[in-house]
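Down below is the structure, laid out as structure tokens.
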Amino acid sequence: MTRTAIVTGAARGIGAATAIRLAADGHAVAVLDLDASSCADTVATIEGAGGRAFAVGADVADAEGVQAAVDLVTARLGAPTILVNNAGIIRDNLLFKMTEDDWDSVLSVHLRGAFLMSRAVQKHQVEAGWGRIVNLSSTSALGNRGQANYSAAKAGMQGLTKTLAFELGRYGVTANAIAPGFIVTDMTRATAERIGVGFDDFVAHAAKEIPVGRAGEPTDIAAAASFFVSEEAGFVSGQVLYVAGGPTS
Ligand code: NAI
């Protein structure tokens with residue numbers, strides 16, 4: 001069945017791959033990012049493959065912007081019943097160097113963003129008696145040096161996911177989280193730059209530590225999202241799936 005999906009942070013990386021995958025699965029996809037024009041490549045890829053997509057610009061941490069974006073998507077593609085909360089940023093620093101702005105901005109985009117988007121979309125899901133929410137967590141939820149802000153946000157995404165599962169289950173809405181390990185995107189490229197390592201070396205080093213012997217690709221995460229939003233996954237809710245090429249401790 002064709003549904004309307006919103007994927008946040010879908011201009012590039014994991015969000016773009018997920019938007020492309022959900023469109024290939026037959027859904028109409030709102031490609032949401034800070035700037036609508038940055039979504040052009042993702043939209044073109046979807047439309048080039050015969051899918052339906054619409055670019056929408058919004059800051060997920062801004063309540064008014066989120067509501068306006070969800071209203072616009074509803075008008076253009078139909079009421080959204082699939083939501084992938086993927087938008088994210090990193091502001092890594094050891095605790096003693098971490099600023100309040102580093103803390104607030106990361107918590108704001110990930111957690112406040114997922115809260116605002118979920119609150120705006122749940123209305124349509126409840127009305128439809130069906131819905132799927134997928135939140136992007138991370139292996140960093142288990143703790144990671146230099147990521148006090150990010151690991152707190154990503155652990156928070158897991159708590160949010162479980163509460164959404166409890167509250168919305170009776171309306172046919174599931175909520176699940178995907179916790180990726182190392183995925184090759186601009187985000188991991190920025191980390192390599194920050195620590196002064198070439199990206200190829202950084203990826204090769206990461207791959208050595210990963211049981212399946214390679215780094216993850218955005219399509220690895222898109223495949224997991226595709227499962228969680230499928231019709232047949234309706235009895236899977238409140239779960240956290242680590243997609244990391246091996247077990248996590
Ligand atoms: P990325 O940096 O390549 O893409 C993130 C996208 O989010 C960008 O297009 C950016 O413009 C958008 N964005 C940022 N702030 C926004 C806001 N306030 N409103 C709307 N859009 C906003 O990142 P990547 O690697 O694709 O990550 C996607 C998600 O997966 C993030 O939540 C990230 O934390 C998570 N993740 C990534 C991992 C990795 O290894 N790359 C590992 C674990 C989790």
### Message
Could you report the tightest heavy-atom contact between Ala69 and Val56, atom names first, then the distance?
### Response
CB-CG2, 3.8 Å

### Message
Just verifying a value: how many Å separate Asn85 CG and Ser118 OG, rounded to the nearest 0.5 Å?
### Response
4.5 Å

### Query
With side chains defined as the heavy atoms from C-beta onward, is the minimum distance between Phe182 and Val203 less than 4.5 Å?
yes

### Query
Do Asp101 and Thr99 get their side chains close enough for a donor-acceptor pair, meaning under 3.5 Å?
no

### Message
So Ile89 and Ser105, do their side chains get closer than 4.5 Å, heavy atoms only?
### Response
yes

### Task
Before giving the answer on salt bridge (charged side-chain N to carboxylate O under 4.0 Å, His left out), spell out for Arg3 and Glu231 the whole-Å C-alpha distance, their side-chain angles and the decisive distance to 0.1 Å.
CA-CA 10 Å; Arg3 310 276 187 181; Glu231 304 290 331; 3.0 Å; yes

### Query
Any side-chain heavy-atom pair from Thr74 and His124 closer than 4.5 angstrom?
yes

### Task
Would you check if Thr8 and Met117 make a side-chain contact, meaning some heavy-atom pair closer than 4.5 Å?
yes

### Summary
Tightest non-hydrogen contact, residues Arg132 and Ala233, listed as NH2-C, 4.2 Å

### Task
Let me know which of Thr174, Val229, Leu160, Leu168 forms a side-chain contact (heavy atoms from CB on, under 4.5 Å) with Ile133.
Leu168

### Task
Indicate yes or no: does Asp220 engage Arg214 in a salt bridge with an N to O separation below 4.0 Å.
yes

### Query
Heavy-atom distance under 4.5 Å between the side chains of Glu217 and Ile183, does that happen here?
no

### Message
I want to check something: taking the side chain as every heavy atom from C-beta on, are Val240 and Asn176 in contact at a cut-off of under 4.5 Å?
### Response
no

### Query
If you measure from the Lys or Arg side-chain nitrogens to the Asp or Glu carboxylate oxygens, is any gap between Glu127 and Lys123 under 4.0 Å?
yes

### Query
Between Trp103 and Arg91, is there a cation-pi geometry (under 6.0 Å to ring centre, at most 45° from the normal)?
no

